[in-house]
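What follows is one structure encoded as structure tokens, with my remarks underneath.
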Amino acid sequence: MPSTFAQLGVPKFIGHALARRGITQPFEIQAAALVDAMAGRDVCGRAPTGSGKTLAFGIPLVANSGRADPHKPKALVLAPTRELSDQIATEIRSFSGRARVAVVYGGVGYGPQFSSLRRGVDILVACPGRLEDLIDQGAVDLSAVEQVVIDEADRMADMGFIPAVRRLLDQTSRDRQTMLFSATLDRDVSSLTRDYQQDPVRHSVTEATPDVVAADHMFWHVARTDRVAVSARTINAAGPTIVFCRTRRGCDRLARQLDRKGISAAAIHGGRNQNQRTRALRDFANGRVQALVATDVVARGIHVEDVSAIIHYDLPNDHKVYRHRSGRTARAGKGGIVVTLVPPDQIREIRYMKRRLGLHQPITDADLSAIRTFDGGTGRPEPRRANGGQSRRPSNPKRKHRKPRHPTSKNRPRHPRSNSKRPASRSRGKRTPARTRS
Ligand code: ADP
Ligand code: MG
């Protein structure tokens, strides 16, 4: 596997910008997908949270997107949540050079979004709802979009966005490149691939699922009435923690209860407005609050660096949710702790979920001494216990064999988009002439 971005053909200005952030070695999904993606091929990438998907699609967007006319972006990234959209835009801006990157989502005023679109946006990051709204108002026209990314496609499906995603894709250029990323490729997601991607190269980084293996998982018997106290002590011992609750009201209540126990906590969920959510995330990221109390809506795609612990205060609905929540810690090869509070009446459910996850840790009494010792003041946990023989870094023992990429890679013309499987509505709307990549 090439060990630098330059070896993958990443333009120098991007490589330099990444190096300034300490990013020098491509992660597996990046090494696997970048060459094809920069050559303009459709990519269908399956990879868990924290595996580095943003750069895998962000670099090709910056490398290839052209200069946009007003209201007519050249590249579009669709993401399910506001937080995720912000994070994608921020990450891409860190190496975007002269490309203009803007982000649009609901729950905030239209003014700034109108004016940046009027000035011209090369790479637009958007939540589907607001984007359709802006199109209806004549502020955006997708006909010049030549590169599309669908990020967290599985999450889009969970949130009911697939019809909107299809309507939006139908308005983009016929010759576009379509990159789709998802932690899972379930039915809805694979139908997107079938209908909107052309001979995609498929990359999968799933074995030994990093987000689950990299963390230290603990399952504790805790009576419902003791959950607040145990959570407070865990947060005290572990450091920055995200606590997951099932309901919005549960989040608000727990944040208050933790506060009363001397733990500063902020609630973040879909019932809070954008400013409140942004503030909560910022306060947590810069250490002003010790804990973020969240619903599953915000579970995916959020990056706060160095989250030491996850507490499943309410049980996740299933093993997939467990995986997504837990993926907030132990990101990018770092360690982390995941504590599940197991009430007596839910032991069977937990056992079943653990089997699905391949986790074999026993359910024990709460044991704070098992949590950690700090490693040299970075605030990251260092477990005292042996880790069940598991590597703490995302390992890839069975590294995927890459499909050979297209022989003529770079100058290969785009596929003719005459595939009969494409929805008829793709012929609607204005078309820009096919762009030749050279
Ligand atoms: P995903 O979208 O797959 O959940 P992200 O793209 O958000 O993952 O990346 C997770 C974290 O890893 C981010 O903080 C990102 O800046 C960092 N990261 C990504 N690629 C690299 C790399 N090659 N080297 C070091 N850090 C990286
Ligand atoms: Mg992501």
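In listed order, ligands and their atoms are each counted from 1. Nothing fancy with the numbering, it's 1 onward along the sequence. Computed from heavy atoms alone, side chains included, the values below leave out hydrogens, waters and symmetry copies. Being a predicted model, the structure only gives us computed values, none of them experimental.
Of all the heavy atoms of F57, none lies under 4.0 Å from any atom of ligand 1, so neither backbone nor side chain is involved. Residue contacts with ligand 1 for P26 involve N, CA, C or O but no side-chain atom from C-beta outward (heavy atoms, distance under 4.0 Å).
For E91, a nitrogen or oxygen atom sits less than 3.5 Å from a nitrogen or oxygen atom of ligand 1, counting backbone and side chain alike.
The option with the heavy atom closest to atom 5 (P) of ligand 1, from among L84, T54, L18, is T54.
The shortest non-hydrogen separation linking R67 to R98 is NH1-O, 3.5 Å.
The closest approach between Q87 and ligand 1 stays at or above 4.0 Å for every heavy atom of the residue. By the 4.0 Å heavy-atom criterion, R21 is counted among the residues contacting ligand 1. At least one heavy atom of S51 sits closer than 4.0 Å to an atom of ligand 1. Not a single heavy atom of F181 lies less than 4.0 angstrom from ligand 1.
For the atom pair CG of L258 and OG of S231, the computed distance is 6.0 Å after rounding to the nearest 0.5 Å.
A cation-pi geometry, defined here as NZ or CZ lying under 6.0 Å from the six-membered ring centre and within 45° of its normal, holds between R227 and Y313.
Checked for salt-bridge contact, R100 and D122 meet the test: a charged N lies under 4.0 Å from a carboxylate O. The pair E349-K354 fails the salt-bridge criterion, with no side-chain N (NZ, NE, NH1 or NH2) lying under 4.0 Å from an Asp/Glu carboxylate O.
Residue-ligand proximity, F5 to ligand 1, at heavy-atom distances under 4.0 Å covers atoms 23 (N). Annotation for ligand 1: atoms under 4.0 Å from non-hydrogen atoms of Q25 are 22 (C), 23 (N), 24 (N).
Ring geometry for H312 versus F244: interplanar angle under 30°, hence parallel rather than tilted (30 to 60°).
If you run side-chain hydrogen bond (donor to acceptor under 3.5 Å, both in side chains) between Q177 and each of R41, E146, Q197, Q147, only Q147 comes through.
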